[in-house]
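The block underneath contains the structure these notes are about, expressed in structure tokens.
All residue numbers refer to positions in the sequence shown, counting from 1.
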Amino acid sequence: DAGVSIYACKPNAFGANNTDAEVDYGFRVAKALGASHCTIELPPDPAQSLRLGKAAEKNKVYMAYHTHGQGAIDVFDTAFSQSPYNRSNIDIGHYVTRPGNGSPIEFLKKYNDKISSIHIKDRTKDGGNLPWGTGETPLVEALQLMRDQKYKFPASAELEYIVPEGSDAVKELAKCVEYARKA
């Protein structure tokens, strides 16, 4: 009623030790919230991404896997091949920290139809989080690509840099949103 929409959720129900009933419950929670997808870190065991992909299909809610330092161009290939309900929740800030990874722009272009949402932040290749516009993440290029190609997935602003003295998280997030608008 207040105009808030929830596009994703991350219930603690998708681990390898969770029962099938708990996994289904997690997807039902997502549906009840109006989310199009759930998120979880990309499981190291392909049997788990297969299991979750099949459960996502059954529940008609996507499972979008998130990555940190393992975010290479082909990291989701196995999951994508297992189910049309297996998707990506790529973090383009983490993506730039993997040596030899190339640009996350390549990933966005190649897999735009398999992305449910992305996380955006500015980082350096050595992994430091910085105020937006001062790092090495191609934020402007990514946001303009999303706009120009009319990609349907949302981008979540992640405020992970140290908040400067005299500021607060709300002020800094407002700066991030303004940076995105200008982009």
- Shared ILVMFWY cluster between I118 and L143, side chains joined below 4.5 angstrom? yes
- Query: If you draw a 6.0 Å radius around OH in Y25, do more than 12 non-hydrogen atoms from other residues or ligands fall strictly inside?
  - Reply: no
- Does any non-hydrogen side-chain atom of F27 lie less than 4.5 Å from one of K58? no
- Message: I'd like to know if L52 and V29 are part of one continuous hydrophobic network [Ile/Leu/Val/Met/Phe/Trp/Tyr, side-chain heavy atoms within less than 4.5 Å].
- Response: no
- In terms of heavy-atom contacts, G135 and L130 come closest through CA-CD1, 3.7 Å
- When you look at I120 and L139, which way does the side chain to side chain contact (heavy atoms under 4.5 Å, CB included) test go after all the steps? CA-CA 7 Å; I120 56 175; L139 293 173; 3.9 Å; yes
- Message: Looking at every non-hydrogen atom in both residues, tell me the closest pair between G93 and T137 and how far apart they are.
- Response: CA-OG1, 3.7 Å
- Which pair of heavy atoms, one from L173 and one from A157, lies closest together, and at what distance? CD1-CB, 3.9 Å
- Query: Where do L159 and C176 come nearest, in terms of heavy atoms and distance?
  - Reply: CD1-SG, 4.4 Å
- Query: Should the pair K175-E178 be classified as a salt bridge under the 4.0 Å nitrogen-to-oxygen rule?
  - Reply: no
- Sequence neighbours excluded, the answer for side-chain hydrogen bond (donor to acceptor under 3.5 Å, both in side chains) partners of S103 is none
- Message: For the backbone of V170 and the side chain of D168, can you confirm whether one donor and one acceptor N or O come within less than 3.5 Å of each other?
- Response: yes
- Between A8 and T39 the two heavy atoms that sit nearest each other are CB-CG2, 4.3 Å
- Report yes if some heavy atom in the side chain of I92 is under 4.5 Å from a heavy atom in the side chain of F107; otherwise report no. no
- Close side-chain approach of L108 and I115, heavy atoms under 4.5 Å: yes
- Side chain to side chain, E106 and I73, heavy atoms closer than 4.5 Å: yes
- Task: Count the heavy atoms of every other residue, nucleotide or ligand shown that sit under 6.0 Å from NZ of K109, and state whether that count exceeds 12.
- Result: no
- Check the hydrophobic clustering (I, L, V, M, F, W, Y; side-chain heavy atoms under 4.5 Å; chains of links allowed) and say if F153 and Y7 are grouped together. no
- Task: Starting at OG1 of T67, measure out to CZ of R98 and round the result to the nearest 0.5 Å.
- Result: 9.5 Å
- Between S117 (side chain) and P154 (backbone), is there a donor-acceptor pair under 3.5 Å? no
- F76 side, atom CZ; H66 side, atom NE2 - distance, nearest 0.5 Å: 8.5 Å
- Message: When you measure from the side chain of Q48 to the backbone of F14, do you find a donor-acceptor pair of N or O atoms at a distance under 3.5 Å?
- Response: yes
- Answer yes or no: is there a donor N or O on one side and an acceptor on the other, between the side chain of D24 and the main chain of A21, under 3.5 Å? no
- Option from D20, N18, D45 for which side-chain hydrogen bond (donor to acceptor under 3.5 Å, both in side chains) with R51 holds: D20
- Message: Checking D126 now: which residues fulfil side-chain hydrogen bond (donor to acceptor under 3.5 Å, both in side chains) with it, not counting sequence neighbours?
- Response: T124
- Query: Hey, any chance Y85 and L33 share a hydrophobic cluster, counting ILVMFWY side chains that come within less than 4.5 Å of each other, even indirectly?
  - Reply: no
- Nearest-0.5 Å distance, CD of residue Q82 to CG of residue D77: 11.0 Å
- Message: So for atom CG, which belongs to D74, do other residues, nucleotides or ligands contribute more than 12 heavy atoms lying within a distance under 6.0 Å?
- Response: yes
- Task: Let me know which of H37, K114, R87 forms a side-chain hydrogen bond (donor to acceptor under 3.5 Å, both in side chains) with Y62.
- Result: R87
- Flag side-chain contact, heavy atom, 4.5 Å: H119 against H94: no
- Closest non-hydrogen contact found for S83 with E57 is OG-OE2, 2.8 Å
- Item | Side-chain (D122) to main-chain (T134) donor-acceptor, under 3.5 angstrom | yes
- Query: Looking only at atom types and distance, does a side-chain atom of K31 sit under 3.5 Å from a main-chain N or O of N59, one as donor and one as acceptor?
  - Reply: yes
- Which residue pairs pass the salt bridge (charged side-chain N to carboxylate O under 4.0 Å, His left out) test with at least one member in residues 145-159, sequence neighbours excluded? K121-E158
- Query: Would you find a donor on one side and an acceptor on the other, under 3.5 Å apart, between the side chain of E172 and the backbone of S167?
  - Reply: no
- Item | Sub-4.5 Å side-chain heavy-atom contact between Y65 and S49 | yes
- Test item: F80 and V75 side chains (from C-beta on) under 4.5 Å apart, heavy atoms: no
- When hydrophobic residues are tied together by side-chain contacts of less than 4.5 Å, even through go-betweens, does I40 share a cluster with L50? no
- Can you tell if the side chain of R123 reaches within under 4.5 Å of the side chain of N129, non-hydrogen atoms only? yes
- Note on the structure: So CG of L42 and CE of M63: to nearest 0.5 Å the spacing works out to 11.0 Å
- Item | Derivation of the side chain to side chain contact (heavy atoms under 4.5 Å, CB included) call for L145 and E141 | CA-CA 6 Å; L145 176 68; E141 189 177 355; 5.6 Å; no
